[in-house]
Visitor: 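Here's a structure for you.
Just so it is clear, the structure is predicted and the values come from calculations on it, not from any experiment. Naming: A, B, ... by sequence-line order, numbering from 1 per chain. Atoms considered below: every heavy atom in the structure, side chains included; atoms not considered: hydrogens, waters and symmetry mates.
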There are 2 protein chains.
Amino acid sequence: MNVTKNILRLSNQVCFPLYAATRQITKLYRPLLEKLGVTYPQYLVLLVLFEEETVTVKELGEKLYLDSGTLTPMLKRMEEHGLVERRRSSVDERVVDVSLTNKGRAIEKQAEKIPVKFSEEILLEQDEFEELKRLLTKILDQV
Amino acid sequence: MNVTKNILRLSNQVCFPLYAATRQITKLYRPLLEKLGVTYPQYLVLLVLFEEETVTVKELGEKLYLDSGTLTPMLKRMEEHGLVERRRSSVDERVVDVSLTNKGRAIEKQAEKIPVKFSEEILLEQDEFEELKRLLTKILDQV
DNA sequence: TTCAATTTAATTGTGTACAATTTAATTACA
DNA sequence: TGTAATTAAATTGTACACAATTAAATTGAA
């Protein structure tokens with residue numbers, strides 16, 4: 001086995017398990033989120049809006065690392081489903097403010113149960129969870 | 001701050017940094033892979049084929065955690081670009097065997113440089129890399 | 001003040017992802 | 001042997017994801 005093969009081995013890459021684990025975990029979330037009628041990225045938008053009354057598309061993008069090309073159509077879908085409201089800012093017409101509707105706010109109580117259920121399905125120790133989060137956040141802070 | 005808000009805080013979730021870090025890292029890969037004319041998932045297919053002469057679509061799916069709905073169109077694009085060859089197995093007509101063309105094989109030497117360049121851009125200690133990989137693999141093995 | 005530079009969303013086009021279904025081939029068992 | 005069950009890809013439809021471009025509003029410097 002030459003050096004090349006070792007470097008390129010799937011099992012030696014850290015990015016591959018990252019890529020694969022993310023998708024598998026998103027799949028675990030799916031049945032839980034389906035009951036709320038949202039996808040995982042839409043759920044993240046809700047989490048932001050549970051914390052802040054109103055955010056702009058730009059702020060959402062900064063928090064979630066997504067651009068308007070992803071957010072605009074996603075927010076339109078959420079608006080169609082009656083979860084959020086999009087409104088041009090009267091202060092600055094370039095800006096679009098996003099906020100929860102009553103229907104969106106009503107989901108918060110259901111959403112509480114998801115992280116709990118989830119941590120029951122993923123069998124990591126508490127300190128492993130913390131370490132994983134620390135390492136991922138360290139990467140995120142660099143890029 | 002009530003308990004609910006704490007549970008649902010973006011910063012308290014482990015899945016969010018996982019989701020975000022994966023996409024940010026894939027973006028880091030992009031300029032490197034662009035030179036090879038492939039996307040990140042396509043690069044993963046190449047990695048498998050550098051290790052194994054021929055794999056079926058099913059085997060690819062098992063290794064990369066992807067289904068035919070993703071792989072079939074992706075492999076067709078790679079075939080159009082002259083990187084791989086798709087051929088119905090003569091032993092079992094249901095099966096499609098995938099293998100590298102000469103052009104695909106020629107990429108291996110360029111591909112070697114990518115993990116090296118990449119590890120230079122991500123500033124994690126060697127043991128942190130190992131720990132991250134261990135935790136992600138542990139999750140993958142569960143789901 | 002004016003107009004060029006910047007900023008914010010939206011749009012366009014390509015490429016994943018994946019659930020659900022379909023099609024064709026193979027296997028298993030009555 | 002004949003047919004039901006299973007298997008492997010492909011297809012269909014929906015939803016991200018993101019680079020690149022566009023359009024409209026705002027800002028800033030001459």
Visitor: Would you call the rings of Tyr19(A) and Tyr40(B) parallel, tilted or perpendicular if under 30° counts as parallel and over 60° as perpendicular?
Guide: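 The arrangement is perpendicular - the two ring planes meet at more than 60°.
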
Visitor: Taking OP1 and OP2 of dA10(C), is either one under 4.0 Å from a side-chain nitrogen or oxygen of Thr72(A)?
Guide: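 Looking at the OP1 and OP2 atoms of dA10(C), one of them is under 4.0 Å from a side-chain N or O of Thr72(A).
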
Visitor: Salt-bridged, Lys63(B) to Glu51(B), with N to O below 4.0 Å?
Guide: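 Salt bridge absent between Lys63(B) and Glu51(B).
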
Visitor: Mapping Asp67(A) and Tyr19(A) to their closest nucleotides on DNA chain C, which lands nearer the 5' end?
Guide: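 The residue whose closest nucleotide sits nearer the 5' end is Asp67(A).
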
Visitor: For His81(B) and Glu59(A), take the nucleotide of DNA chain C holding the closest heavy atom to each; which residue's nucleotide lies nearer the 5' end?
Guide: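 Its nucleotide being nearer the 5' end, the pick is Glu59(A).
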
Visitor: Thr56(B) side chain: which of dC16(D), dA9(D), dA9(C) is closest?
Guide: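 Shortest atom-to-atom distance from the side chain points to dA9(D).
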
Visitor: Does this structure show an ion pair linking Arg86(B) with Glu79(B), if we count only N-O contacts that are shorter than 4.0 Å?
Guide: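 Judged by the 4.0 Å cut-off on N to carboxylate O distance, Arg86(B) and Glu79(B) do form a salt bridge.
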
Visitor: Separation of Arg77(A) atom CZ from dA10(C) atom P, in whole Å?
Guide: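 Rounding to the nearest Å, CZ of Arg77(A) and P of dA10(C) are 13 Å apart.
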
Visitor: Taking atom P of dA17(C) as reference, at what distance in whole Å does atom CD of Gln24(A) sit?
Guide: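 Spelled out: CD on Gln24(A) to P on dA17(C) is 12 Å.
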
Visitor: By nearest atom, which of the nucleotides dG15(C), dC18(C), dA10(D) is closest to the Gln42(B) side chain?
Guide: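 For Gln42(B), the side-chain atoms sit closest to dG15(C).
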
Visitor: Charged N to carboxylate O below 4.0 Å: is that the case for Lys133(A) and Glu128(A)?
Guide: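 No salt bridge links Lys133(A) with Glu128(A).
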
Visitor: For the pair made of CD in Glu93(B) and P in dA9(D), what is the distance, rounded to whole Å?
Guide: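 Rounded to the whole Å, the gap is 12 Å.
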
Visitor: Within the structure shown, what part of the strands sits under 4.0 Å from Leu71(B) by heavy-atom distance: base, sugar-phosphate, or nothing?
Guide: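 Nothing, no nucleic acid heavy atom in range.
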
Visitor: Rounded to whole angstrom units, what separation is found between the CG atom of Leu75(A) and the P atom of dT8(C)?
Guide: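 My rounded result for the distance is 16 Å.
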
Visitor: For the pair made of CZ in Arg94(A) and C1' in dA5(C), what is the distance, rounded to whole Å?
Guide: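 After rounding, the gap between these two atoms is 12 Å.
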
Visitor: Quick one: is dT16(C) close enough that its OP1 or OP2 comes under 4.0 Å of any side-chain N or O from Thr39(B)?
Guide: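 Checking dT16(C) against Thr39(B), a side-chain N or O does come within under 4.0 Å of OP1 or OP2.
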
Visitor: Considering just the side-chain nitrogens and oxygens of Arg30(A), establish if one lies under 4.0 Å of OP1 or OP2 belonging to dA20(C).
Guide: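 Negative; the distance criterion is not met.
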
Visitor: Base, sugar-phosphate alone, or nothing: which one does Val91(B) contact when heavy atoms must sit under 4.0 Å apart?
Guide: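 Sugar-phosphate, no base atom in range.
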
Visitor: Does the distance from a Lys or Arg side-chain N to an Asp or Glu carboxylate O, for Glu62(B) and Lys58(B), drop under 4.0 Å?
Guide: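 Yes.
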
Visitor: Would you indicate which nucleotide in dA19(D), dA17(D), dA24(D) comes nearest to any side-chain atom of Pro41(A)?
Guide: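 The answer is dA17(D).
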
Visitor: Using the side-chain heavy atoms of Asp92(A), tell me which of these nucleotides is nearest: dT26(D), dA10(D), dC16(D).
Guide: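 The nucleotide sitting nearest to the side chain is dT26(D).
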
Visitor: Is there a side-chain contact between Ser68(A) and the phosphate of dA9(C), meaning an N or O under 4.0 Å from OP1 or OP2?
Guide: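 No, outside the criterion.
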
Visitor: Can you measure Arg23(A) atom CZ to dA19(C) atom C1' for me and round it to whole angstrom units?
Guide: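 One finds 14 Å between C1' of dA19(C) and CZ of Arg23(A), rounded.
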
Visitor: Looking only at side-chain atoms of Val96(A), point me to the closest of dA17(D), dA10(D), dA9(C).
Guide: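 So the nucleotide nearest the side chain must be dA9(C).
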
Visitor: Rounding to a whole Å, what distance do you find between Ile25(B):CD1 and dC18(D):P?
Guide: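 Checked: the CD1 to P distance equals 13 Å.
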
Visitor: For a salt bridge (Lys or Arg N to Asp or Glu O under 4.0 Å) check, start with the C-alpha distance between Lys109(A) and Glu112(A), then their side-chain angles and the critical distance, and finish with the verdict.
Guide: CA-CA 5 Å; Lys109(A) 285 164 193 62; Glu112(A) 278 177 54; over 6 Å; no

Visitor: Could you give the CG-to-C1' distance, from Asp97(B) to dA10(D), as a whole number of Å?
Guide: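 It works out to 16 Å between those atoms.
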
Visitor: Just N and O in the side chain of Lys76(B): are any of them under 4.0 Å from OP1 or OP2 of dT14(C)?
Guide: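 Result: no.
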
